[in-house]
Amino acid sequence: MPLAHVKAGSAAGKRKATGIGPARRIAEELRAQNERFSAAVENMSHGLCMFDAEERMIICNRNYIDLFRLDAKVMKPGIRFFDILQHSVDIGIASQSAAELYAVRKPYIDGAKPSTYEETLADGRIIVISHRPLASGGWVSIYEDVTEQRRAEDELKEQHRRFDAALANMSQGLLMYDADGKMIVRNQRFLELYKVAEADFPFGTTHRDALERLLELGIYTKIDVDSEVAKTEAALRAGKMQSAYRYLADGRTFLVVRQPMSGGWVVTFDDVTERRRTEERMTHLAHHDTLTNLPNRSMFRERLDQALSEPKVAPLAIFSLDLDRFKAVNDTFGHPAGDWLLKCVAERLRRCLRSDKDVVARFGGDEFAIIQSNVRGAADAEKLAKRIVEVIGKPYRDKGREMHVGVSLGIALYPGDGQDADTLLTNADMALYRGKSEGRNIYRFFEPGMDAMVRERLALEADLEAALPKREFELDFQPILDIASGDIVGAEALMRWRSPSRGLVSPQDFIAAAEETGLIVQLGDWALRKACSAAAGWPRDVRMAVNVSAAQIKSGGFARSVISALAFSGLPASRLELEITETVMMDESDTVLRTHRQLRGLGVRIALDDFGTGYSSLGYLRRFPVDKIKIDRSFIRDLDKRDTAAIVRTVIGLGTELGITVTAEGVETEAQLDMLRKAGCGEAQGFLIGVPAKASEMSRLLRSQEKLRQSG
């Protein structure tokens, strides 16, 4: 018997055995199939609705009803498609009339071909509708809410737009690398900075490729590519930012910063050529004398401390030098000739040094100092001293004029005359003063018996201590001009000591002694009270500037002294301006920081005095906010020099940018004032504006100014 017959017979036997007829079996299979279909439809993530050829609904799922927020009681099989549209209009979900909605859909229904389009509902949701024709007529529609997807897409597009705009408008060049180290982003500014074409740095370029290409193009000077790549990879593995300066063959300097990010890193390129040059000039200025370009006092001290800190310190000789008859040159030929002479002296001193380790510095005025290294006894130092006396004593000829100066030297030897910098410098000064007392154009070695000068200093200190209770001190006031308005807007209080036995003592002599002995705190408090009392009677728009020493700030009670002076005088805090030097800012102790905060909290103005003559640093302006910067008179004197003028303009620009008033000290000519006015300097002070005067004279000046204003 054929196998097919056996199977058929077996199946028939089973049907007989179970008693289930063909019709019932088919009905059960259809019911099961319908249940599976209904379950599938109801579990769809999208809405579904099926219509027959007469546009009547056959079936819809719950997602469809929920999507359009329809009434389930209305949505019964057999409802016409148009009535569904009308229902959606009635409940306010549709944004058009039923007829308009039907007119939009009709072409898709009649087209009898798959189609997809979008519809925006009245509540702003976006629905994607897909029509699919049925073979028996009618169609099935799938509905998907893509509102969030569209919003996300729009946000992504906006992010891309902003990213592209940021890249296009960045002042920095930018490259971005993916996790495989291949370039995936490059902005136009990168190409402009390096003056290269897109073809030179195509997408997919690696860091190594980029460095090698920059070398090939002659843009970078020679660099070790392997070392650079290794350092970058190590920094990226550690998750650390890496920055380095790149020096281009054309003289420019770029700051290159690599920043790790998720799945790669980003590199920025910033042209810092001018900034670096300015920083270098400012750094040089902080450590060098502007007139002679020699190291200044701070640089000299740094080099001396460095030499003394070496594990095996070689014998040293410290020279303290002072020119003889220099004042006569200034008085006879004028300050420009004196400046020219100082530069000549500096150059001659340089030529006297025998090694690169030797240092010559200008301390100010006609004072110089020298470190002579590897000294083989006093004979070596004496040989250099004789050479200096001989060379400096030769005539100086300029423009048909002949000038003569000499030099006196004091010498201290390490280690015999001192183990530290302070002792060596003090002993060299003692030897210098001893030499000057014995004559001119002479050198002297320090000797332990040179204590006469110390006795004189002690006598000065004793007289100084007795001077305050005897009321031997007085204040003069030098006016400060607002350059733009031409008005006197303030004055600086200057301390004077008229000693019955010594006469008028120079502030350079007694201020230093007062600071060393601590008397400066008492003198400073007296000057503060006196100045505030004088200013209280001046017009309300005139400020009083008072110099404050580092010792006063460090005393811990200075803020209370200021409060007391203001309360006693009745002067508003906003009219008091305290002038501090960079030595105060260098001390970041709790006392100094707390006092600075207290003073600013009172509303007192803080001025940074003698800017540029010490350890000038922009970092101080961030840690110690100030209201004013005072440019030292040495810069104003040299305003006719291009480099100095550029530095002054830079400081003025910095003040403008930070909202800090800039005052120029030592203004003596109309030409200087005019240059400062054009540069945008705020205030000026100096003999051109007014010489220091008594309080009564200052009051008359301010009253006259007030009357002129009122009459105008």
Side-chain angles (χ1 to χ4, degrees), residues 45-46 116 118 126 128 144-276 279:
S45 60
H46 303 330
T116 301
E118 288 186 2
I126 302 170
V128 173
E144 180 183 2
D145 186 343
V146 296
T147 308
E148 291 302 320
Q149 178 183 335
R150 290 289 185 271
R151 183 177 293 118
E153 290 172 354
D154 291 342
E155 289 178 357
L156 184 60
K157 288 178 182 178
E158 178 62 17
Q159 287 179 2
H160 283 306
R161 187 193 67 77
R162 292 174 181 171
F163 182 66
D164 291 341
L167 284 179
N169 291 282
M170 284 178 66
S171 62
Q172 299 171 314
L174 181 141
L175 298 178
M176 188 179 292
Y177 292 87
D178 63 15
D180 295 326
K182 295 183 178 179
M183 186 200 305
I184 55 174
V185 174
R186 177 203 62 224
N187 71 350
Q188 183 64 28
R189 183 60 177 155
F190 169 81
L191 302 176
E192 293 170 354
L193 281 174
Y194 280 100
K195 302 175 184 178
V196 294
E198 292 181 2
D200 293 318
F201 293 88
F203 294 115
T205 298
T206 65
H207 179 211
R208 178 183 293 277
D209 295 337
L211 290 175
E212 291 176 346
R213 185 60 177 151
L214 288 167
L215 282 171
E216 290 171 7
L217 294 171
I219 294 171
Y220 276 171
T221 53
K222 186 176 181 180
I223 59 174
D224 187 336
V225 174
D226 290 337
S227 175
E228 291 297 324
V229 171
K231 285 191 292 186
T232 299
E233 290 177 349
L236 294 173
R237 282 195 302 270
K240 295 181 179 179
M241 182 186 75
Q242 181 193 45
S243 63
Y245 287 106
R246 288 277 181 255
Y247 301 97
L248 278 62
D250 61 8
R252 291 181 296 157
T253 303
F254 285 2
L255 176 61
V256 180
V257 179
R258 297 181 181 86
Q259 181 68 54
M261 63 179 189
S262 178
W265 73 93
V266 64
V267 192
T268 57
F269 305 84
D270 196 2
D271 187 343
V272 295
T273 307
E274 288 306 315
R275 188 175 80 195
R276 287 282 290 176
E279 289 174 353

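When only modelled atom types and interatomic distance are considered, Y247 and R276 share a side-chain donor-acceptor pair under 3.5 Å.
Scanning all heavy atoms of the two residues, the minimum distance from P260 to W265 falls at CA-CB, 4.0 Å. Among all heavy-atom pairs drawn from L174 and F269, the shortest one is N-CD1, 4.2 Å. Looking at every heavy atom in both residues, G251 comes nearest to T273 through O-CG2, 4.1 Å. Of all the heavy atoms in V256 and Y194, the pair that sits closest is CG2-OH, 4.4 Å. Among all heavy-atom pairs drawn from A235 and Q242, the shortest one is CB-CB, 4.0 Å. For the residue pair L215 and K222, the shortest heavy atom distance occurs at CD2-CA, 4.1 Å.
F201 has its ring centre less than 6.0 Å from the ring centre of F190.
Salt bridge annotation for D250-R252: present, with a cationic side-chain nitrogen under 4.0 angstrom from a carboxylate oxygen.
Separating the CG atom in L236 from the CE atom in M241 is a distance of 12.0 Å, to the nearest 0.5 Å. Note: T232 OG1 to R237 CZ = 10.5 Å, rounded to the nearest 0.5 Å. Between E198 atom CD and Q188 atom CD the span is 6.5 Å, to the nearest 0.5 Å. Rounded to the nearest 0.5 Å, atoms OG1 (T268) and CG (L175) are 9.5 Å apart. Taken to the nearest 0.5 Å, the CD1 atom of I223 stands 4.5 Å off from the CG atom of L211. Between the CG atom in D145 and the CD1 atom in I126 there is a gap of 8.5 Å [rounded to 0.5 Å].
In this structure, N187 contributes its side chain and Q172 its backbone to a donor-acceptor pair below 3.5 Å.
Between F254 and D270, the closest side-chain pair of non-hydrogen atoms is not below 4.5 Å. In this structure, R246 and I219 have side chains that are not in contact, with every pair of non-hydrogen atoms separated by 4.5 Å or more. In this structure, the side chains of V267 and H207 stay at 4.5 Å or more apart for every pair of heavy atoms. Here the side chains of E228 and D224 are not in contact, with every heavy-atom distance at 4.5 Å or above.
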| Check against side chain to side chain contact (heavy atoms under 4.5 Å, CB included), R275 and L255 | CA-CA 11 Å; R275 188 175 80 195; L255 176 61; 3.9 Å; yes
| task | Show the numbers, then the answer: is there a side chain to side chain contact (heavy atoms under 4.5 Å, CB included) between V229 and E212? | result | CA-CA 11 Å; V229 171; E212 291 176 346; over 6 Å; no
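Checking each of Q149, E148, E153, E155 against R151 for a side chain to side chain donor-acceptor pair (under 3.5 Å) leaves exactly one that passes, namely E148.
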